[in-house]
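Read through the structure below, which is laid out as structure tokens, and then see the notes.
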Amino acid sequence: MLNFDHLAVNQQGHLTIGGIDTTKLAQEYGTPLYVMDEDKIRSICRMYQNSFKKCYHGNGMPLYASKAFCCKEMCRIVNEEGMGLDVVSGGELYTALQAGFPAERIQMHGNNKTPDELSYAINSGVGHIVIDNMDELKMLDEMAGKLHQAVGVSLRIKPGIDAHTHQFIRTGQIDSKFGFALETGEAMQAVKMAIHAKNLKLLELHCHIGSQIFELQPFVLAAQVMMDFMQQIRKETGVMLPELNLGGGFGIQYIASDNSLPYESYMEKVSEAIGQKCKEYDFTEPKIYIEPGRSIVGEAGITLYTIGAVKQIPNIRTYVSIDGGMTDNPRYALYQSDYTVIVANHADQPAKQIVTVAGKCCESGDLIQKDAPLQMCKAGDLLAVLSTGAYNYSMASNYNRIPRPAVVMVHDGKTRIAVKRETYEDLIHNDL
Ligand code: LLP
């Protein structure tokens with residue numbers, strides 16, 4: 001099992017999260033069930049906040065990338081922790097505002113924001129709108145003019161860094177749908193247009209090089225490339241941009257062999273690189289933002305399922321079926337992502353069999369894990385999948401008209417529902 005301080009095995013041999021017996025959670029709230037350890041989430045938020053104090057003398061802020069796990073309760077937690085928020089759609093923005101999140105601490109992303117989303121962001125007073133492309137730059141300037149608002153903007157730059165991660169989640173290289181390319185001169189052209197745009201106030205440059213990255217070097221390189229670009233901007237335009245946003249992407253542990261680094265080490269190394277560039281170019285230190293998503297919520301979450309059919313196909317494989325699947329966790333189907341699976345009511349037992357954990361959707365690819373070690377189990381046992389706090393609930397669907405599970409938060413030895421379980425009635429709510 002992964003060596004997480006919020007997970008343990010109690011005297012009955014049951015897996016616990018935040019000190020709460022998972023079998024009790026399953027009895028009380030039903031399965032499938034997402035469970036999030038709020039104390040773990042808050043401790044990581046505080047670590048990032050402290051790291052900003054230490055590395056940047058407080059001149060900066062972590063923004064939680066809400067795409068990892070977005071609901072009103074999560075926005076409230078992030079707000080209480082004094083952080084900012086990265087949203088990527090009108091829906092995420094709406095959720096944040098409904099939760100009382102201050103608009104000025106929100107940065108709005110998206111590679112193809114609709115005119116409605118842009119005007120919603122302008123009218124709500126979102127702190128930064130991160131512009132992705134030339135069409136958007138022109139549209140936003142016009143819209144801001146019509147609405148008589150000066151809009152704070154950022155430009156998303158592709159720094160050309162090739163981080164070693166799954167190719168679907170690599171976004172910093174030139175062949176990417178996100179942002180302005182440096183190599184082609186497009187980024188400099190966008191900077192000049194934004195500086196001269198009547199209704200835009202260019203505050204920030206932004207980059208994001210990918211997700212689930214375990215190496216320090218790509219982040220250091222990206223920071224250096226962005227600082228070099230800021231120097232080039234100063235040389236060509238005389239403008240010193242005051243802010244730099246370095247995106248998210250720190251890797252977490254899904255399985256024991258995942259070599260995740262302490263998140264502070266990314267902060268330290270990157271801040272050193274920024275400090276050196278400031279000296280080299282005689283810059284005042286820009287205000288730094290980062291946008292961690294997965295590293296804040298990923299390890300804090302687990303999913304609980306009830307095991308149903310166990311199908312042994314001699315000399316081939318054993319399928320252990322669960323009462324959820326790709327509808328609540330599409331990450332294996334999409335990326336063949338690794339996960340640690342445990343029979344939560346026999347968590348003290350050795351993992352003696354190799355099984356394939358299958359979901360209940362009408363689809364052969366609906367698997368949660370292939371060939372994974374697992375404790376012996378039978379129908380009625382409880383299966384826990386670890387590190388499901390990020391990109392699980394937020395990527396869930398209603399395929400096969402399966403209702404989405406509830407999300408339960410564990411805090412201080414108590415539990416509460418953060419998101420209610422969907423009902424069949426919810427499924428037909430919009431049907432006419
Ligand atoms: N900022 C930007 C602009 C991003 O595009 C992302 C993630 C983040 C921040 C947060 O990155 P994180 O710290 O969570 O790595 N669905 C995929 C992950 C897609 C990530 C997209 N962008 C998955 O399940 O692995």
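Atoms within each ligand, like the ligands themselves, are counted from 1 in listed order.
Interface atoms of ligand 1 facing Ala65, defined by a heavy-atom separation under 4.0 Å, are 8 (C), 9 (C), 10 (C). The contact set between ligand 1 and Tyr335, taken as ligand atoms under 4.0 Å from a residue heavy atom, comprises 16 (N), 17 (C), 23 (C), 24 (O), 25 (O). Close contacts of ligand 1 with Pro292, meaning ligand atoms under 4.0 Å from a residue heavy atom, involve 13 (O). Within ligand 1, counting atoms from 1 as listed, the ones closer than 4.0 Å to a heavy atom of Gly293 are 12 (P), 13 (O), 14 (O). Atoms of ligand 1 lying under 4.0 Å from at least one heavy atom of His206, given by number and element, are 3 (C). Counting the atoms of ligand 1 from 1 in the order shown, those under 4.0 Å from a heavy atom of Arg156 are 3 (C). Which parts of ligand 1 touch Gly249 is read off a 4.0 Å heavy-atom cut-off, strictly below it: atoms 11 (O), 12 (P), 13 (O), 15 (O).
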Listed pairs under 3.5 Å, donor-acceptor, residues 120-127 side chains, sequence neighbours left out:
residue: Asn123; atom: ND2; partner: Ser119; partner atom: O; Å: 3.2
residue: Ser124; atom: OG; partner: Tyr120; partner atom: O; Å: 2.5

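Counting heavy atoms under 4.0 Å from ligand 1, residue Phe178 does not touch it at all. Only the side chain of Asp86 comes within contact range of ligand 1, with a heavy atom under 4.0 Å; no backbone atom does.
Here the shortest heavy-atom pairing between Met227 and Leu244 reads SD-CD2, 3.9 Å.
At a threshold of 4.0 Å, the pair Lys287-Glu204 does not count as salt-bridged, since none of the basic side-chain nitrogens sits closer than that to a carboxylate oxygen. Between Glu73 and Arg416, at least one side-chain N (NZ, or NE/NH1/NH2) sits under 4.0 Å from a carboxylate O, which counts as a salt bridge.
Relative ring orientation between Tyr281 and Phe283 is described as tilted, the plane-to-plane angle lying within the 30° to 60° band. Aromatic ring pairs are classed by plane angle as parallel below 30°, tilted from 30° to 60° and perpendicular above 60°; the pair Tyr48 and Tyr263 is parallel.
When only interatomic distances are considered, the shortest N/O to N/O separation between Gly210 and ligand 1 does not fall below 3.5 Å. Between Tyr391 and ligand 1, a contact under 3.5 Å exists for at least one N or O pair.
You'll find the ring centres of Tyr289 and His128 inside the 6.0 Å limit.
Between Val225 and Asp228 the shortest side-chain heavy-atom distance does not fall below 4.5 Å. At least one side-chain heavy atom of Asn133 sits less than 4.5 Å from a side-chain heavy atom of Glu136.
Among Glu291, Met395, Lys67, His109, the residue whose heavy atom lies closest to atom 22 (N) of ligand 1 is Lys67. Taking all heavy atoms of Arg331, His208, Gln107 into account, the minimum distance to atom 6 (C) of ligand 1 is reached by His208.
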